[in-house]
There are 2 protein chains.
Amino acid sequence: MASKSAPRATYAEIAKTAGVSEATVSRVLNGDENVHPDRTKAVNAAVKKLGYKKHRAASALASGRTGLIAVVIDDDLSIFADPFWATVTSGISRVLMENELQTLLMVTPLESVDGPVAHYLMGGEVDGAIFFQLHKDALIKRLRKQNLPIVITGTPHSRSDFPFVDTDSFGGALAATKHLFSRGCKHVGIITGDIDTTAGAARLDGYSQAYRESGHVPSKKLIAAGDWSMESGRAAMARLLEKGEGIDGVFTSNDLMAVGAMAAIEEAGLRVPEDIKVIGFDDSVVAQTARPALTSVRQDIVALGEAAAELMIAQLRGEEVEPRILKSELVIRETA
Amino acid sequence: MASKSAPRATYAEIAKTAGVSEATVSRVLNGDENVHPDRTKAVNAAVKKLGYKKHRAASALASGRTGLIAVVIDDDLSIFADPFWATVTSGISRVLMENELQTLLMVTPLESVDGPVAHYLMGGEVDGAIFFQLHKDALIKRLRKQNLPIVITGTPHSRSDFPFVDTDSFGGALAATKHLFSRGCKHVGIITGDIDTTAGAARLDGYSQAYRESGHVPSKKLIAAGDWSMESGRAAMARLLEKGEGIDGVFTSNDLMAVGAMAAIEEAGLRVPEDIKVIGFDDSVVAQTARPALTSVRQDIVALGEAAAELMIAQLRGEEVEPRILKSELVIRETA
DNA sequence: CGATTGCGCGAAACCGCTTTCACGAAATCG
DNA sequence: CGATTTCGTGAAAGCGGTTTCGCGCAATCG
């Protein structure tokens, strides 16, 4: 459709104006060391003069490298209404661009191992894929077998050796719970996220660990299950209150549930933080807009994306990569 | 990097097993009508049998069509912490995928007309570009001149003939303000967004229009400027209260400012909605988590993305396109 | 000092698909 | 019924890079 107002320079022209062969142009443009400095200079000059920009498709066809990295979002729970993934993605995109790579966004149900997405990824259309979430990793295992570089954002279930990046959920939960104790709470409860997710489990573990370290005795009655939603937080808190354990502090596994919990507390005629202190997780907008403002565990989400991209780039370079766990940090506001 | 475990079928093989020429294979695969049904069938059979998948790069090189649509986000205000754009993007991605197109995400400051992004877009690397926001449209004008299909999400400033999609800000603000009147408010104020944005201006216009239609007399003292942030909403509301116009209702141009306004109202010892009713705009998570729950103007954000993608596809087909304005809807909760 | 090695470089094949061109056969025309 | 169109098709020339191969030359070796 687009007309070629500026008839795009090619290797042929560069080669001619630089007085070298196209092969040499290619070498220079791909950083081959074994080229005489003089020619290198000549080529670079020609490139600048002609405003040359490499043609991706041609390059991809010849080399097999597309310069494209897929970011795959299983469109069930994900991006809708959750700023988290968007933020991660922007971090990824930034880093990839700096490395001459483009971000191909695929928001789609992951379906079977041979849905269209799977074929696309296996068909060599991209140089690598970064996945969000991970309920089923059959597809990923398959891709791995094909040597497609993969990075997972979030901790995978199987302890396969997938390269992944994640926030330190355990540490964050540990710190949050300890903070509640240090503020004088005696009976600290937890509202968990979906325990089937690794993040949900890790946050519960952190909470338990804090109990163990504090010398306090934990009670199963102080543990209530949520599913990350605000409504589940409200319901879980209501249950916690009913049990009459004298709960005076609660760590909720995300901010949304914290807000729900605060509503339940208020409905019970109690006050935050005077009667019950609350700490969330994520430090999302919601934490900042809540009243009273919510104390929460912050994750550096952009950094998470950047780390994912860096892991991908390392793989592309053929380096061995280790999973990366990012530190979380407690942001103290009014609720605890 | 990825090894070819399955040595990818090519036209050559298909042509051979179907007993036709490669040219015919191409015709069939690109929907050329002028091919004998028998051959068409033969080719399709061969394709299925061999599990053939077209090689994008090769196709792009030969045809000049990349099958890639860029989604460009000016990384200043945008994606960070704002679920809005992410949601739009997921709508775009879904529709593009259904049409065999891929979404290339570019999160980056738009800088000058000849930054790297500009070059990328002008270099024929993509078949079209969808832009979010629009502070400066110099780049876009330039791209348009090159015949690159463009769609803008949000209303552009210049009344150039860019194809764009947007939510009916004016109508939403009108409905919200009228609703406040109908609930008995006599002195309805507005906290505007950045007036330099078309959305900010349109929402103010809708508010003014409601005043005109209602027969009430508007007062400049009831208009306070915000900048979309929660803090600006709080400050604006404080000013509104000071002016002592007996304000009893306020329409804020987005949810974040509404939450800020509610905080200010509470700090002034007044109550929502008993003393002052509040309506926001966007119906974001924040509206749902606020207490009392915020009445707000909902936009169908996914639909907005889908519309953008559809406009793009129409252009790719060479059709003439009209801007598309999507209806907004008042979601009534507790604050008004 | 003749023989071997290594380095820098150009010629040319190639990546896989698209598209122009021309040709033979079938359909339409005068 | 010969002449002109129309239609379906294959051969082949690209599209714009990358990469292998081998050559000529200078450096190194015996």
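Just the heavy atoms: all of them, side chains too, but no hydrogens, waters or symmetry mates, feed the values below. So that the names make sense, note that chain A is the first sequence line, chain B the second, and so on, each numbered from 1.
Listed here is the closest heavy atom pair of I150(A) and I140(A): CG2-CG2, 3.9 Å. Shortest non-hydrogen contact noted between A46(A) and I14(A) is CB-CG2, 3.9 Å.
Between S59(A) and the phosphate of dT18(D), there is a side-chain N or O to OP1/OP2 separation shorter than 4.0 Å. Of the side-chain N and O atoms in S26(B), one or more sit less than 4.0 angstrom from OP1 or OP2 of dT18(C). A sub-4.0 Å separation between OP1 or OP2 of dT19(C) and a side-chain N or O of R65(B) is present.
Between E22(B) atom CD and dA12(D) atom C1' there is a gap of 11 Å when expressed in whole angstrom units. Atom CG in D32(A) sits about 17 Å away from atom P in dG17(D), given to the nearest Å. Put simply, CZ on R8(A) is 11 Å from C1' on dG17(D), counting in whole angstrom units. In this entry the distance linking OH of Y11(B) with C1' of dT19(C) reads 11 Å, nearest Å. Rounding to whole angstrom units, CG of residue D38(B) and C1' of dG8(D) are separated by 12 Å. L61(A) has its CG atom 17 Å from the P atom of dG14(D), to the nearest Å. In this structure, N30(B) places its CG atom 13 Å from C1' of dG16(C), rounding to the nearest Å.
Remark: E310(B) engages R324(B) in a side chain to side chain donor-acceptor pair (under 3.5 Å) (not counting sequence neighbours). Taking E100(B) as the reference, nothing meets the salt bridge (charged side-chain N to carboxylate O under 4.0 Å, His left out) condition, with sequence neighbours excluded. Remark: Y120(A) pairs with no residue by the ring pair (Phe, Tyr, Trp, His ring centres under 6.0 Å) rule, at least two apart or across chains.
Under the 3.5 Å distance criterion, the side-chain polar atoms of S93(B) are left unmatched by any main-chain donor or acceptor of M106(A). Side-chain atoms of D127(B) come within 3.5 Å of backbone N or O of G67(B) as a donor-acceptor pair.
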Which atoms of nucleotides 6-9 of chain C (N or O only) lie under 3.5 Å from a protein N or O atom, and what are those distances?
unit_1: dG8(C); atom_1: OP2; unit_2: N34(A); atom_2: OD1; d: 3.4
unit_1: dC9(C); atom_1: OP1; unit_2: R39(A); atom_2: NE; d: 2.0
unit_1: dC9(C); atom_1: OP2; unit_2: H36(A); atom_2: N; d: 2.7
unit_1: dC9(C); atom_1: O5'; unit_2: R39(A); atom_2: NE; d: 3.4

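Along DNA chain D, the nucleotide nearest G19(B) and the nucleotide nearest S63(B) are compared for position; the residue whose nucleotide lies closer to the 5' end is G19(B).
For E319(A), the CD atom sits in a packed shell: over 12 heavy atoms of surrounding residues, nucleotides or ligands are nearer than 6.0 Å.
At a non-hydrogen distance threshold of 4.0 Å, Y52(A), K54(A), H55(A) from residues 46-55 of chain A come into contact with DNA chain D.
Within the structure, every pair that satisfies the side-chain hydrogen bond (donor to acceptor under 3.5 Å, both in side chains) test and touches residues 39-57 of chain A, not counting sequence neighbours, is listed here: N30(A)-K54(A).
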